[in-house]
Amino acid sequence: MSQDGNDVSRRRFLTAAGAAAATAGLAGCSGGGGEDTTTESDETTGEGETDQTETETEDGGSTPVLRYGRGSHSPTLDFQNSTSGEVAKVTEQLYDTLINFEPGQSTLTQGLATEYSLEGQSASITLREGVMFHNGEEFTAEDFVATYRRFVDSDYEYYAGDDYVSAYGPFTLGSWIDEIQVDGDYSMTIQLTQSYAPFLRNLAMFAASVHSLAAIEEYGTELSSNPVGTGPFQLSNLDDANERVRLEANSEYWGEGPNVDEVVFVTIGQNSTRAQALASGELDIIDGLGAQSSVQVENASNANLVRTEGINIGYMAFNMASREEFRDRRVRQAVSHAINTEAIVNEIYSGFATQASQPLPPNVLGHNDDIDPYPYDPEEAQRLLEEAGYGDGFSFELATFQNPRGYNPSPIQTAETVASNLGEIGIEVDINQQSFGPFLEYTAQGRHDACFLGWYTDNADPDNFMYVLLHPQVEEGELTEGQDWVSFDAEGYNTSNRSAWANRDYMDLVEQGQSTYDEAERESLYNEANQIAHDEAPWVYLDYADELRGVSNRVSGFQIAAISGPYLNLVSLN
């Protein structure tokens, strides 16, 4: 539970996830996640120099400036060009989506669409009138069509290119939309390729934001540095050399706020330095906190540590495609028993996380309450290894990122603990440390034996974990009878599945979950799929982490958002 009243109850999420599957008119009003959402980067250079709290105007007055400290700079400002949460937290200020998440919640509400419904394979959308892009163009249905085609349609004149668009294109929109019928400037009917329960939630994800058609035609892929949205802020200055992004308020914004004149995203690589900058009054909001920096914030007199339940998973993936030992379920179970995950979350993560037992966190529809984490049991681990024929042990490489992530705030210490634990049963671990960017590329190519990774939800739907992270997403012909893994080289392979796991029973259940709109039936399907994922152990389930932010006392109106956000248009400065 959170300390600021932004509680994330399971009931609320169950209700919200069910709402995504409902068929009738979800009326009412705002998505980023993926692998790269928080914490420090070793690619950054900032060391605490920050902007002033106010900017002098031409008439000698001053305007308030909100200073947001983070660990990594945004390599692009185009939401179609990245899977990074560092990108999303800026583009969420610049762009809008058709449907929004309620700030700090997982319920859906109006965005650029004022009415929306999903029934069978058809979604009906009514658009908000009078919304203007930052370039002065009015938003219409043709802007959404152009945005969609730029992301997924290789036949479209303005398609951004296979090397440019991110992996979000297919699983957010491309795999599900068959046709978009424009019924006028402010009305659309979207025909789906199949019944697909998460579709409305996908429309609320940061990757489903809306570009301006005119800007697409003018800038092409240069939208990466020339963003044109309808959001509460617009780009004022992109300073890649100093890793800063300055935004100014959009005075014509259709929604609530903004309440500050400017926002500056400041990059400070070290968590402790960032926390020190908050404590000294140089920053207003910071994210990417580890255990040590959280204590720094707690001890600061002018700031508070704000905490709420996250919707995420941290794990260690076995690569079955690269290591024959990992293709034996008993070996995977043995390793799961041998690693003391309880000690990791309590001692290394300082209690800012809880032990994980399955792919879905507790606050998502389909989490199976009857599944317990693998208990630390070296004797059982040794027994399983001997039964599998590996009683004398073996060795493997564990790839890890060097700098903390929210779901793994101490990756090196965690890796050393894993190596120590496994050494007790005769397994030798060679730790391979890399910075995060190269690490992601290395593991996406399937070059690892095992690796640490994690996931923040994009939309709080079970499909966003179960299908995105553990389904291979290949044609049936790519699967070999009698084996539950597939090569990273298979046509269409989903590289987010770092385990190369391809369990048919699991895949069938997840596919049924996608196409089922009945909430109770979906919950049952995902309960069963989670049980298989637990028993088959393609991952060592490490933790579900809390969301942590450091917030200055002069800030009001800030809410932690486990999905989407940050909602900086709602923030005021005292």
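Every heavy atom of this structure was used, including side-chain atoms; hydrogens, water molecules and symmetry mates were not.
N302 and N553 share no side-chain donor-acceptor pair at under 3.5 Å. With no hydrogens or angles considered, no side-chain donor-acceptor pair links R128 and T114 at under 3.5 Å. For S166 and Q80, the side-chain atoms include no donor-acceptor pair closer than 3.5 Å. When only modelled atom types and interatomic distance are considered, D96 and T230 share a side-chain donor-acceptor pair under 3.5 Å. No donor-acceptor contact under 3.5 angstrom links the side chains of S224 and N81, judged on distance only. Counted by atom type alone, N569 and E256 present zero donor-acceptor pairs between their side chains at under 3.5 Å.
Ionic pairing of R554 and D284 is present here: one or more N-O contacts between side-chain nitrogen and carboxylate oxygen are shorter than 4.0 angstrom. Ion pairing between a basic and an acidic side chain is recognised when a charged N comes within 4.0 Å of a carboxylate O; D546 and R307 show such pairing. Using a cut-off of 4.0 Å between Lys/Arg side-chain N and Asp/Glu carboxylate O, R549 and E547 are scored as salt-bridged.
Cation-pi geometry between R405 and F436 is satisfied (NZ or CZ under 6.0 Å from the ring centre, within 45° of the ring normal).
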request  = Applying ring-ring contact (aromatic ring centres under 6.0 Å, His included), run through Y456 and Y407 and close with a yes or a no.
outcome  = CA-CA 9 Å; Y456 296 90; Y407 46 74; 5.4 Å; yes
query = Given H211 and F144, is the ring-ring contact (aromatic ring centres under 6.0 Å, His included) satisfied, shown in steps?
reply = CA-CA 7 Å; H211 283 299; F144 180 79; over 10 Å; no
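Under the side chain to side chain contact (heavy atoms under 4.5 Å, CB included) criterion, V165 pairs with F151, Y159, A160, not counting sequence neighbours. Every residue two or more places apart in sequence or in another chain that forms a salt bridge (charged side-chain N to carboxylate O under 4.0 Å, His left out) with D78 is listed here: R150.
Interatomic distance, OH of Y186 versus OG1 of T126, reported as 12.5 Å (0.5 Å rounding).
Not less than 6.0 angstrom separates the ring centroid of F265 from the ring centroid of H73.
Between F439 and F401, the ring planes are perpendicular. Angles over 60° get that label, and only those under 30° would be called parallel. Ring geometry for Y168 versus F171: interplanar angle of 30 to 60°, hence tilted.
Surrounding CD of E217 are more than 12 heavy atoms belonging to other residues, nucleotides or ligands, all under 6.0 Å away.
Between the side chain of Q514 and the backbone N or O of V510, no donor-acceptor pair lies under 3.5 Å.
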